[in-house]
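Here the structure comes first, spelled out in structure tokens, and everything after it is commentary.
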Amino acid sequence: MIETTPFTANIRKFSGTGSQEVADRIAEEAASGFQIKSHTDRRLSGYHLQEEVVKMNVVNESGEVVEEEIERISPVPFSICLEGNIVEVYSDQTNTSELVSELTKAAGPEFTVSESPLQLKRVYEKLTEDGLMTDLGSLRISNFEAKRNLSGTFTAKNVLYENATELMDGRENEITVMRGTVKSADVEGKVGFFRSGSVRVYSHLDEELQFWNAIMDKVMEVYL
């Protein structure tokens, strides 16, 4: 469930229980803080209501501005692809961890959610073979051996297609960040892909849903 761009989606794999059974259990767990907005055979989408404490400046009875801690409820959007056993959480890592924890409780002990590294070379191949990635802005590689006995994190910028292939070959597990321009139909935006399983849309877009679905179709192919 995308609210607006830019946004970050943290992607997790789940297993251990039938997809539709999981969706049914979560849809029934309103008491656990879940609000379901859409539930089909293919996807379950909604929010998880999370409490957070924020500091705000308020004016007290004496007319002084003081800082107070205030509790508020923040809706964290999420979506579950039932065909690919994928959970997408549109928030930061802290909210993602809390949502995954509550998701596991609601779905039952046999339901497990795990971080699954995203193979960025395969994502790149999927995006370029359909002409979706029009520009590779940067590529970060860890444990890059520049010279004998000399290695470290290497970042290449404005990478040409032929250079990208050469850089990625044999380093599939060391590619940690890939940023570039993705174009779907008439919508174009800057996107970052992270080995941790996060995808970040940096651009402000008017038609973000179609754009995001095109990206996730390719990410899903990598995970399946």
Side-chain angles (χ1 to χ4, degrees), residues 1-14 19 23 35-47 75-92 95-96 99 116-140 155-168 172 175-224:
M1 282 189 59
I2 303 170
E3 296 294 301
T4 183
T5 48
F7 68 87
T8 299
N10 294 306
I11 302 167
R12 301 289 186 267
K13 289 278 289 182
F14 71 84
S19 298
Q35 287 188 347
I36 307 305
K37 296 299 182 182
S38 175
H39 183 188
T40 68
D41 291 341
R42 299 183 61 188
R43 186 171 287 271
L44 175 76
S45 299
Y47 301 92
V76 177
F78 73 96
S79 186
I80 300 177
C81 174
L82 303 176
E83 293 179 323
N85 287 13
I86 292 288
V87 181
E88 304 164 27
V89 183
Y90 304 98
S91 189
D92 59 27
N95 289 342
T96 297
L99 188 148
S116 183
L118 185 57
Q119 292 288 343
L120 300 188
K121 180 186 177 184
R122 292 193 61 204
V123 173
Y124 177 75
E125 291 170 345
K126 294 291 183 182
L127 290 171
T128 53
E129 70 185 13
D130 285 351
L132 292 174
M133 177 165 277
T134 60
D135 168 70
L136 182 55
S138 65
L139 193 66
R140 184 181 302 166
T155 300
K157 295 185 177 182
N158 300 318
V159 186
L160 298 176
Y161 175 79
E162 54 270 24
N163 293 338
T165 304
E166 182 180 348
L167 283 170
M168 292 182 186
E172 289 84 351
I175 304 168
T176 57
V177 183
M178 178 177 71
R179 295 184 176 94
T181 303
V182 174
K183 185 174 183 179
S184 174
D186 294 327
V187 182
E188 184 175 85
K190 302 292 185 182
V191 184
F193 300 87
F194 301 81
R195 180 170 168 77
S196 62
S198 297
V199 180
R200 172 74 173 168
V201 176
Y202 297 102
S203 305
H204 291 273
L205 305 173
D206 294 327
E207 301 291 337
E208 65 269 5
L209 183 57
Q210 179 182 356
F211 180 82
W212 177 246
N213 286 341
I215 292 172
M216 278 307 298
D217 284 346
K218 298 306 173 186
V219 171
M220 204 73 68
E221 289 177 17
V222 171
Y223 272 126
L224 294 179

How long is the straight-line distance from [atom2] of [Y] back to [atom1] of [X], given to the nearest 0.5 Å?
X    : Y    : atom1 : atom2 : value
I36  : F78  : CD1   : CZ    : 4.0 Å
R42  : L44  : CZ    : CG    : 14.0 Å
E88  : I80  : CD    : CD1   : 9.5 Å
Q119 : I175 : CD    : CD1   : 8.0 Å
S196 : L118 : OG    : CG    : 8.5 Å
L132 : I215 : CG    : CD1   : 8.0 Å

Check your understanding: Within the distance-only criterion (no hydrogens, no angle test), does the side chain of S203 pair as donor or acceptor with the backbone N or O of K190 below 3.5 angstrom?
Key ->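 Answer holds: yes.
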Point to revise | Under 3.5 Å: donor-acceptor pair, side chain of Y223, backbone of S116 | key: yes
Does the side chain of [X] reach to within under 4.5 Å of the side chain of [Y], using non-hydrogen atoms?
X    : Y    : value
M220 : C81  : yes
N95  : V89  : no
W212 : L205 : no
R179 : R140 : yes
M168 : L139 : yes

Check your understanding: Please walk me through it: do M133 and V182 pass side-chain contact (heavy atoms from CB on, under 4.5 Å)?
Key -> CA-CA 4 Å; M133 177 165 277; V182 174; 4.3 Å; yes
Exercise for review: Please test R122 against E125 for salt bridge (charged side-chain N to carboxylate O under 4.0 Å, His left out), starting from the C-alpha separation and ending with a verdict.
Suggested key: CA-CA 5 Å; R122 292 193 61 204; E125 291 170 345; 5.3 Å; no
Point to revise | E188 atom CD, neighbour heavy-atom count above 12 within 6.0 Å | key: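 Buried by this count: over 12 neighbours within 6.0 Å.
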Check your understanding: Taking only residues two or more places apart in sequence, or in another chain, which ones meet D217 in a salt bridge (charged side-chain N to carboxylate O under 4.0 Å, His left out)?
Key -> none
Review point. What residues, two or more places apart in sequence or in another chain, satisfy salt bridge (charged side-chain N to carboxylate O under 4.0 Å, His left out) together with R12?
Key: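 R12 satisfies salt bridge (charged side-chain N to carboxylate O under 4.0 Å, His left out) with E115 only.
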Check your understanding: When you check the side-chain N and O atoms of R43 and S38, is any donor under 3.5 Å from an acceptor?
Key -> no
Mind listing the closest non-hydrogen atom pair of [X] and [Y] along with its distance?
X    : Y    : answer
P6   : Y202 : CB-O, 3.4 Å
T96  : S91  : OG1-O, 4.0 Å
T40  : L82  : O-CD1, 3.6 Å
R195 : E172 : NH1-O, 3.9 Å

Point to revise | Audit row: D92, T8, side-chain contact (heavy atoms from CB on, under 4.5 Å) steps and yes/no | key: CA-CA 7 Å; D92 59 27; T8 299; over 6 Å; no
Check your understanding: Is there a side-chain contact (heavy atoms from CB on, under 4.5 Å) between M178 and L136 once you walk through the steps?
Key -> CA-CA 8 Å; M178 178 177 71; L136 182 55; 3.4 Å; yes
Practice item. Give the C-alpha distance, both sets of side-chain angles, the deciding distance and a yes or no for side-chain contact (heavy atoms from CB on, under 4.5 Å) between E208 and V201. Key: CA-CA 9 Å; E208 65 269 5; V201 176; over 6 Å; no
